[in-house]
Amino acid sequence: MKRALSFLLCVLFAALFLICSAASAVRVSSGDAQLMLDGKIKTCWEFDNGASAVFQVPQDKSCLLLRFRKEECSFQYAASDAAGNVVAQDEVFTDKIEYCLVCPEGCSRIELHFLCSNAICSADFLTAPKHEWLDAPEQTDILLISAHQDDELIFMGGLIPLFADAGKTVTVAYTAGSSRTRIDEALEGLWRAGVRHYPDFLRFPDYYREQNELEEIWGGHEYILGRFVELIRKRKPKIIVTHDINGEYGHGAHIYTSALVREAARLASDINAYPQSAQDYGTWEVKKLYIHLYAENSIRLDYSKPLEMFGGKTAAEMAAYGYTAHVSQRKGQDKRFENAIGGVKYDSSLFGLYYSTVGYDTEGFFASIDENCDLSLTAAEHCWSVKLPQREDRTSTPALALTPTVKVTPTPSPSVRVTESVSQTPTATAETAQSPENTAATFVTAPAGVTLCGLQSLHRRGSGLLRREKQFCRKKRHLRCRGLQ
């Protein structure tokens, strides 16, 4: 027992030493810098306009990934070498919730001066940039509007990698939710599935309520509808895809999202509807609106098609790979995903053409829009299935800071089975992971960066054991004093 306790104390002191060393590598003008180094996305270092932070750059790292609590941040940075000479400086504005600052060659220190109020949830040095999000294009081929972060992969998942591989621009927008953990998971999931343009987060409050209740909570129908019309005019999609009219399993946010999209798709071309967004972005005529599970003018997408962009993996496999990024939701949603991707319930490959300005040809999504419409993207019947990797139980987040290896075992039939192997010592650096594009048989997820969550976990386990050992010792002393031992 003494030997085990000594070992745990050594581990604990080593962890604390490394944590303190990491903290000393960052200095801030005010507040606690440790809050952006503790590996927890829910804790943040808050700053106001005029605040500053200084980072010491590790020798083997080339970029600094900053993950903010909310979009839109502006700051000035100055990079200097070991002698204190400034080698680069600039002013940065980002409208994204994360920003990757590339360190110039020879840089050993980065100083940031913030020109706004916000908060940094994590600051991680990497050897290569992660999630180099592109700004939304002037026009997009497909705009997928999802109620929550994860619905796009559960109920429409294979669509994203299928059309990304076909060379189409797919952008995604979310109606509800502003949880920093869920947003992080959404970004990772979309990146895995092939999305390269930063998504839109409308950030309406996330409640499991009926449609009429959500209408009141979200600010009234006219205001909410105006946000959707603005989104469509801003992104200018040829095709919109959204939820089942009945909300798949009856979720009020799914039902209301579907209703709003159906109304907004028609109003986006009306110059008299919401004139402010018409002035800001112009009006826009949507070519087609597809609704999940809509019975009329139905079309089935082929999720068993091997995709060159993903090394021959299928759309079903890539949807599963993307979905597993939603670590916080897997306990309650795994069954729904497997049912939807397998065509058992809420078939995620089945859509119906609800509205069209170019005719109701159901040969393909882009029929009557693209002369070179790829008809091989559709299927006559459902002939694939997916088995998700075993869910990893974890009681704390950061989401995606440490994620397991996912192995895909190909079979000669269209059926797909995904199995998982979890290493005993997971890697905590994003740069050592292989991407699914670069490996034929193994997917290794890209963690969010160099974090201390593993050490924090050791610290928590060590602290728990130490408390129990102290309680045991106190009990022994109590019994000895009473002459009972």
task = Assess whether salt bridge (Lys or Arg N to Asp or Glu O under 4.0 Å) is satisfied between R233 and E285, documenting all intermediate values.
result = CA-CA 9 Å; R233 287 171 172 170; E285 183 179 78; over 6 Å; no
request  = Please test S376 against K305 for side chain to side chain donor-acceptor pair (under 3.5 Å), starting from the C-alpha separation and ending with a verdict.
outcome  = CA-CA 8 Å; S376 70; K305 179 181 172 66; 3.3 Å; yes
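- Heavy atoms only, all atoms of each residue included: S304 and T314 are closest at O-CG2, 3.4 Å.
- To the nearest 0.5 Å, atom OG of residue S108 and atom CG of residue N85 are 9.5 Å apart.
- Screening F163, F365, Y354 for a ring-ring contact (aromatic ring centres under 6.0 Å, His included) with Y290, the sole residue that qualifies is F365.
- More than 12 heavy atoms of other shown residues, nucleotides or ligands fall within 6.0 angstrom of atom CZ in F93.
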task = Let me see the working for Q149 and H326 under side chain to side chain donor-acceptor pair (under 3.5 Å), right down to the final yes or no.
result = CA-CA 8 Å; Q149 297 86 21; H326 293 269; over 6 Å; no
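- When only modelled atom types and interatomic distance are considered, T181 and K42 share no side-chain donor-acceptor pair under 3.5 Å.
- Side-chain contact between V28 and M36 is present, with at least one heavy-atom pair separated by less than 4.5 Å.
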message = L260 vs I224, test: side chain to side chain contact (heavy atoms under 4.5 Å, CB included). Steps then yes/no.
response = CA-CA 8 Å; L260 288 162; I224 304 164; 3.5 Å; yes
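- Taking both residues in full, the closest heavy atoms of S146 and D151 are given as OG-CB, 3.1 Å, listed atom of the first, atom of the second, then distance.
- Here the closest non-hydrogen pair linking L307 and P161 is CD1-O, 3.6 Å.
- Atom-to-atom distance recorded for I232:CD1 and T140:OG1 is 12.5 Å, nearest 0.5 angstrom.
- Without hydrogens or angle criteria, T357 side chain to V286 main chain gives a donor-acceptor distance under 3.5 Å.
- Ring-plane geometry between F68 and F75 is classed as tilted, the angle between the planes lying from 30 to 60 degrees on a 0 to 90 degree scale.
- H113 and Q76 are not linked by any side-chain donor-acceptor pair at a separation below 3.5 angstrom, with hydrogens and angles left out of the test.
- S74 contributes no side-chain N or O that, together with a main-chain N or O of V92, makes up a donor-acceptor pair within less than 3.5 Å.
- Here the side chains of K236 and Y281 are in contact, with some heavy-atom distance below 4.5 Å.
- Judged by the 6.0 Å distance and 45° axis criteria, R196 is not positioned over the aromatic ring of W133.
- Distance SG/C63 to OH/Y99: 11.0 Å, rounded to 0.5 Å.
- At least one side-chain heavy atom of C116 sits under 4.5 Å from a side-chain heavy atom of F47.
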request  = Show your working on salt bridge (Lys or Arg N to Asp or Glu O under 4.0 Å) between D280 and K234 and close with a plain yes or no.
outcome  = CA-CA 8 Å; D280 293 341; K234 189 176 180 180; over 6 Å; no
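- Checking side-chain atoms of T283 against main-chain N and O of A278 turns up no donor-acceptor pair under 3.5 Å.
- By the 4.5 Å heavy-atom criterion applied to side chains, F366 and D141 are counted as neighbours.
- Going from atom SG of C100 over to atom CG of L66 covers 8.0 Å, rounded to the nearest 0.5 Å.
- Checking D38 against T43 by side-chain atom types alone, a donor-acceptor pair falls below 3.5 Å.
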request  = Verify side chain to side chain donor-acceptor pair (under 3.5 Å) between Q329 and H148, making sure each step is shown before the conclusion.
outcome  = CA-CA 11 Å; Q329 302 303 299; H148 306 97; over 6 Å; no
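- Here the shortest heavy-atom pairing between L37 and A123 reads CD2-O, 3.9 Å.
- Side-chain contact of D334 with Y323: a donor-acceptor pair under 3.5 Å is present, judged by distance alone.
- Checked by atom type, the side-chain pair R235/T171 shows no donor-acceptor distance below 3.5 Å.
- For the pair F155 and H254, the minimum side-chain heavy-atom distance is below 4.5 Å.
- The two atoms that bring S29 and A51 nearest to each other are OG-CA, 3.5 Å, heavy atoms only.
- Between Y198 and E71, the closest side-chain pair of non-hydrogen atoms falls below 4.5 Å.
- A cation-pi contact, defined as under 6.0 Å to the ring centre and within 45° of the axis, is absent between R300 and F351.
- Comment: E46 engages R69 in a salt bridge, judged by a side-chain N to carboxylate O separation of less than 4.0 angstrom.
- Contact check on E111 versus R109 returns a salt bridge, with a Lys/Arg side-chain nitrogen under 4.0 Å from an Asp/Glu carboxylate oxygen.
- Remark: R192 qualifies as a cation-pi partner of Y321 under the 6.0 Å distance and 45° angle criteria applied to the six-membered ring.
- The salt bridge (Lys or Arg N to Asp or Glu O under 4.0 Å) contacts involving residues 163-182 comprise D150-R182, K168-D370, R180-D184, where partners must be two or more places apart or lie in separate chains.
- Between L388 atom CG and I341 atom CD1 the span is 9.0 Å, to the nearest 0.5 Å.
- The aromatic ring centroids of W218 and Y223 lie 6.0 Å or more from each other.
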request  = Show your reasoning for whether side chain to side chain contact (heavy atoms under 4.5 Å, CB included) applies to V261 and I240.
outcome  = CA-CA 8 Å; V261 173; I240 297 178; 3.7 Å; yes
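- The side-chain heavy atoms of L225 and Y274, taken from C-beta on, include a pair separated by under 4.5 Å.
- Using a 4.5 Å heavy-atom threshold, the side chains of E152 and L190 count as touching.
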message = Could you walk me through whether E317 and V386 satisfy the side chain to side chain contact (heavy atoms under 4.5 Å, CB included) test, starting with their C-alpha distance in whole Å, then the side-chain angles of each, then the deciding distance to 0.1 Å, before giving a yes or no?
response = CA-CA 7 Å; E317 289 176 295; V386 168; 5.6 Å; no
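- The structure places OH of Y303 at 7.0 Å from CG of L162, a figure rounded to the nearest 0.5 Å.
- Qualifying side chain to side chain contact (heavy atoms under 4.5 Å, CB included) partners for V358, counting only residues two or more places apart in sequence or in other chains: K287, K288, S356, S368, I369.
- In this model, no donor atom of one side chain and acceptor atom of the other lie less than 3.5 Å apart for R27 and S52.
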request  = For V26 and V54, run side chain to side chain contact (heavy atoms under 4.5 Å, CB included): C-alpha distance rounded to whole Å, both residues' side-chain angles, the deciding distance at 0.1 Å, then the answer.
outcome  = CA-CA 6 Å; V26 182; V54 180; over 6 Å; no
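- W384 and A379 get closest at one heavy-atom pair: CZ3-CB, 4.3 Å.
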